[in-house]
Amino acid sequence: KTGKHGHAKASITGIHIFKGTKHMDSEPTSHTMSAPVITKTEWSLLDITEEGYLNLMNDDGDTKDDLKKPAGELGEKLQTEFEAAGDAGESLLVMVTAAMGEEHVLDWKTESM
């Protein structure tokens, strides 16, 4: 659809990957729009501290302990599955999604030892 000055416009609708909120933008098609760079990495979950921080280790042996457990139902489910995996002699691999200066655990899977 042409805009006020006769230029075609593009309407973009996106969902925030961490908050789930909807964002909309409309720009002329001749303009460049930026898109976030999203990376996903797998980490072994070693422990969850009493303060809710995750102790993680990657395949290279590097550790990470500055990431908090997800809030709400997702965090409770992670805690429950982590404890169940430990009882069954398994471990959890968490997928850390990073974008726009933020990192969050959004998914995980069980791995046999």
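- V96 is listed as a side-chain neighbour of L56, based on a closest heavy-atom distance under 4.5 Å.
- Expressed to the nearest 0.5 Å, how far CG of L67 lies from CH2 of W43 amounts to 9.5 Å.
- A salt bridge is defined here as a Lys NZ or Arg NE, NH1 or NH2 lying under 4.0 Å from an Asp or Glu carboxylate O, and E51 with K68 fails to meet this definition.
- A salt bridge links D66 to K64: one of the charged nitrogens lies within less than 4.0 Å of a carboxylate oxygen.
- Judged by distance alone, the side chains of T21 and H23 do bring a donor and an acceptor atom under 3.5 Å apart.
- Distance check: T32 OG1 to E27 CD gives 10.0 Å after rounding to the nearest 0.5 Å.
- Annotation for D59: atom CG does not count as buried by contact number, only 12 or fewer foreign heavy atoms lying within 6.0 Å.
- Of all the heavy atoms in K9 and T29, the pair that sits closest is C-CG2, 3.9 Å.
- For the pair N58 and E42, the tightest heavy-atom approach, listed with the atom from each and the gap, is CB-O, 4.2 Å.
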Practice task
Step by step, work out the side chain to side chain contact (heavy atoms under 4.5 Å, CB included) result for T97 and T39.
Solution key: CA-CA 6 Å; T97 303; T39 59; over 6 Å; no
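- Rounding to the nearest 0.5 Å places OG of S26 at 11.0 Å from NE2 of H31.
- Contact check for L54 versus L45: side-chain heavy atoms found under the 4.5 Å cut-off.
- Smallest separation of non-hydrogen atoms from I38 and A99: CG1-CB, 3.9 Å.
- With hydrogens and angles ignored, the 3.5 Å screen pairs no side-chain donor or acceptor of D47 with any backbone N or O of T49.
- Nearest heavy-atom pair, D65 versus Y53, reported as atom, atom and distance to 0.1 Å: O-CD2, 3.8 Å.
- With a 6.0 Å radius and a threshold of 12 heavy atoms from other residues, nucleotides or ligands, M24 has its CE atom at or below the threshold.
- For the atom pair CD (E81) and OG1 (T110), the distance works out to 6.0 Å, reported to the nearest 0.5 Å.
- Contacts classified as ring-ring contact (aromatic ring centres under 6.0 Å, His included) and involving residues 81-106 (residues at least two apart or in different chains) are given here: F18-H104.
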Practice task
Take L78 and W108 through the test side chain to side chain contact (heavy atoms under 4.5 Å, CB included) and record every step on the way to the result.
Solution key: CA-CA 8 Å; L78 175 61; W108 58 87; 3.6 Å; yes
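- A salt bridge is absent between K69 and E76: the closest approach of a Lys/Arg side-chain nitrogen to an acidic carboxylate oxygen does not fall below 4.0 angstrom.
- Shortest non-hydrogen contact noted between Q79 and I48 is OE1-CG2, 3.5 Å.
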Practice task
Using the side chain to side chain contact (heavy atoms under 4.5 Å, CB included) rule, take M33 and I12 through it: C-alpha gap first, then chi angles, then the decisive distance, then the call.
Solution key: CA-CA 10 Å; M33 296 187 73; I12 308 292; 3.8 Å; yes
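- There is a path of hydrophobic side-chain contacts, each under 4.5 Å, that joins L74 to V94.
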Exercise for the section: Begin with the C-alpha distance, continue with both residues' side-chain angles, and end with the deciding distance and a verdict on side chain to side chain contact (heavy atoms under 4.5 Å, CB included) for M95 and T41. Expected result: CA-CA 6 Å; M95 272 45 94; T41 54; over 6 Å; no
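- Residues E111 and L93 share a closest heavy-atom pair of OE2-CD1, 3.6 Å.
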